[in-house]
Amino acid sequence: MAERSPRIGASSTTAWGFLTPGLVLICLSVLIPAAMALVMSFTQSGLDVSEPLQFVGLANIRRLLSDPMFFKVLGTTLLYLVGVVPPVVLGSLALAVLVNRQLPGIHWFRAAFYTPVLVSIVVAAIAFRWLYAETGLINGWLSALIPGGFKPIGFLTNPLLALPSVMVVTLWKGLGYYMVIFLAGLQGISADLYEAAELDGSEGWRKHLDITLPLLRPYVTLVAVISAIAATKVFEEVYLMTQGGPADATKTLVYYVYDQAFAELEISYACTVGLALFVIVLLLSLVRFAFAGDKGFS
């Protein structure tokens with residue numbers, strides 16, 4: 001059996017030396033807390049954190065399956081996912097096609113579309129909350145366009161409008177980020193393919209249906225799945241703009257975990273809800289690997 005080269009051994013030691021600090025941080029900040037949360041899902045914690053945990057088996061899971069509020073927030077989360085993911089995919093793809101042109105000043109347009117990504121979610125949520133206010137800018141514009149008996153719209157106080165209003169913030173923040181992903185894919189498509197398609201009579205948007213979409217299928221899958229995971233874990237927008245209201249219309253799974261853990265002090269039950277969220281995110285990740293692995297995204 002051939003002996004291992006000293007150079008290979010030294011390179012391996014150097015690599016592990018660089019990887020170890022990151023692995024330690026991941027263990028301390030992700031893996032160990034996740035394992036503790038999993039254990040706490042099968043226990044009952046008291047208000048006093050110094051008290052020992054009491055093992056209760058599947059009691060928290062049975063409580064979860066019989067909790068009407070859990071199924072309500074689960075439905076709200078899935079509705080948020082359905083309302084955000086398709087516009088994000090289609091909108092960011094359209095922006096990428098728009099800015100993938102050799103035009104004077106096109107870099108400025110790319111920067112402008114990407115700018116919302118750089119804005120803090122706290123700043124964005126506060127700004128949109130002011131825009132949505134009954135005395136805010138949107139209602140001010142509408143009252144100027146519709147003089148007379150215009151009644152201000154409660155974007156964040158109407159249960160039917162609150163969730164779509166919060167979705168707009170997620171869309172505004174995410175379009176530029178996913179546009180860059182699609183732009184990277186578009187710039188990897190040879191111009192010769194479009195020229196050949198034009199010779200076959202495929203012009204305008206038709207060539208994007210014939211060439212762009214088939215070749216960008218892995219990117220579409222990637223954007224769809226990671227935006228779905230992000231929508232499933234949405235928290236900041238809800239917390240800063242509505243705090244789950246009105247009438248729990250915007251309460252999502254992550255906000256429900258926060259509410260149970262820090263408002264109701266039901267730490268063990270919050271871990272159980274978090275476990276359900278983990279299962280949902282895991283399923284979305286498996287979808288990502290199942291449909292995109294054959295095109296280089298593995």
Side-chain angles (χ1 to χ4, degrees), residues 71-100 109-110 112-117 119 121 124-125 128 131-132 155-156 158-186 189 204-238 241-242 249-255 277 279-295 297:
F71 289 100
K72 181 177 181 179
V73 300
L74 177 61
T76 302
T77 302
L78 295 178
L79 184 61
Y80 202 96
L81 185 152
V82 172
V84 166
V85 174
V88 159
V89 174
L90 296 177
S92 57
L93 178 58
L95 287 178
V97 172
L98 181 64
V99 300
N100 189 37
F109 284 96
R110 294 175 183 173
F113 290 137
Y114 188 77
T115 298
V117 181
V119 177
I121 185 60
F128 272 89
L131 290 174
Y132 287 141
F155 291 99
L156 299 179
N158 187 327
L160 296 178
L161 298 177
L163 191 64
S165 299
V166 177
M167 289 179 186
V168 170
V169 182
T170 303
L171 291 173
W172 182 78
K173 279 277 297 173
L175 283 175
Y177 175 79
Y178 300 115
M179 177 197 72
V180 173
I181 297 177
F182 280 127
L183 187 60
L186 285 171
I189 300 176
W205 285 101
R206 177 65 185 275
K207 65 183 180 182
H208 292 298
L209 295 176
D210 296 335
I211 302 297
T212 306
L213 284 180
L215 293 179
L216 287 185
R217 187 175 69 87
Y219 293 88
V220 172
T221 304
L222 174 67
V223 170
V225 173
I226 62 177
S227 62
I229 293 175
T232 303
K233 299 189 298 181
V234 65
F235 173 76
E236 293 89 345
E237 296 93 319
V238 175
M241 297 180 68
T242 63
T250 60
K251 184 175 287 187
T252 59
L253 269 176
V254 177
Y255 190 87
L277 176 63
V279 172
I280 294 174
V281 173
L282 178 62
L283 291 176
L284 292 173
S285 300
L286 292 177
V287 171
R288 150 82 174 83
F289 285 110
F291 288 95
D294 59 335
K295 294 293 182 179
F297 291 105

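Scope of the values below: all heavy atoms of this structure, side chains included, with no hydrogens, waters or symmetry mates.
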Exercise. OG1 of T170 to CG of L175: how many Å apart, nearest 0.5 Å?
Worked result: 10.5 Å
Problem set entry | Which atom of G176 lies closest to which atom of V117, heavy atoms considered | C-CG2, 3.8 Å
For this session: Go through the steps for T250 and L156 under the test side chain to side chain contact (heavy atoms under 4.5 Å, CB included), then give the verdict.
Result: CA-CA 10 Å; T250 60; L156 299 179; over 6 Å; no
Problem set entry | Reported CG-to-CZ distance for the pair N100 and R110, which is rounded to 0.5 angstrom | 6.5 Å
For this session: State whether the number of non-hydrogen atoms from other residues, nucleotides or ligands found under 6.0 Å of F109 atom CZ is greater than 12.
Result: no
Exercise. Passes side chain to side chain contact (heavy atoms under 4.5 Å, CB included), Y219 versus I181? Steps please.
Worked result: CA-CA 7 Å; Y219 293 88; I181 297 177; 4.0 Å; yes
Problem set entry | Closest non-hydrogen atom pair, L171 against P87 | CD2-CB, 3.8 Å
Problem set entry | For A228 against V85, the heavy-atom pair lying closest together | CA-CG2, 3.5 Å
Exercise. So, do L93 and L213 sit near enough that their side-chain heavy atoms are less than 4.5 Å apart?
Worked result: yes
Seminar exercise, completed: Output for pair (F155 CZ, T242 OG1), nearest 0.5 Å, gives 15.0 Å
Seminar exercise, completed: Smallest heavy-atom separation, A249 atom then P159 atom, equals CB-O, 3.7 Å
For this session: Kindly indicate, with the supporting measurements, whether the criterion side chain to side chain contact (heavy atoms under 4.5 Å, CB included) is fulfilled by I229 and S285.
Result: CA-CA 8 Å; I229 293 175; S285 300; 3.7 Å; yes
Problem set entry | Pairwise side-chain contact, I280 with T77, heavy-atom cut-off 4.5 Å (strictly under) | no
For this session: Check whether any side-chain heavy atom of M241 lies under 4.5 Å from a side-chain heavy atom of Y132, and answer yes or no.
Result: yes
For this session: Supply the atom-to-atom distance L183 CG to Y114 OH, rounded to the nearest 0.5 angstrom.
Result: 12.0 Å
Exercise. Hey, are the side chains of Y80 and T232 touching, using non-hydrogen atoms and a 4.5 Å cut-off?
Worked result: no
Exercise. Side-chain contact, heavy-atom cut-off 4.5 Å: F182 with V89?
Worked result: yes
For this session: Apply side chain to side chain contact (heavy atoms under 4.5 Å, CB included) to V254 and V234, showing your working.
Result: CA-CA 7 Å; V254 177; V234 65; over 6 Å; no
Exercise. Taking atom CD1 of I189 and atom CG of L215, what is their separation to the nearest 0.5 Å?
Worked result: 4.5 Å
Exercise. Who passes side chain to side chain donor-acceptor pair (under 3.5 Å) against K173, sequence neighbours left out?
Worked result: none
For this session: Would you check if the side chain of Y255 reaches a backbone N or O of V238 as a donor-acceptor pair within less than 3.5 Å?
Result: no
Exercise. How long is the span from the CG atom in L216 to the CG atom in L222, to the nearest 0.5 Å?
Worked result: 11.5 Å
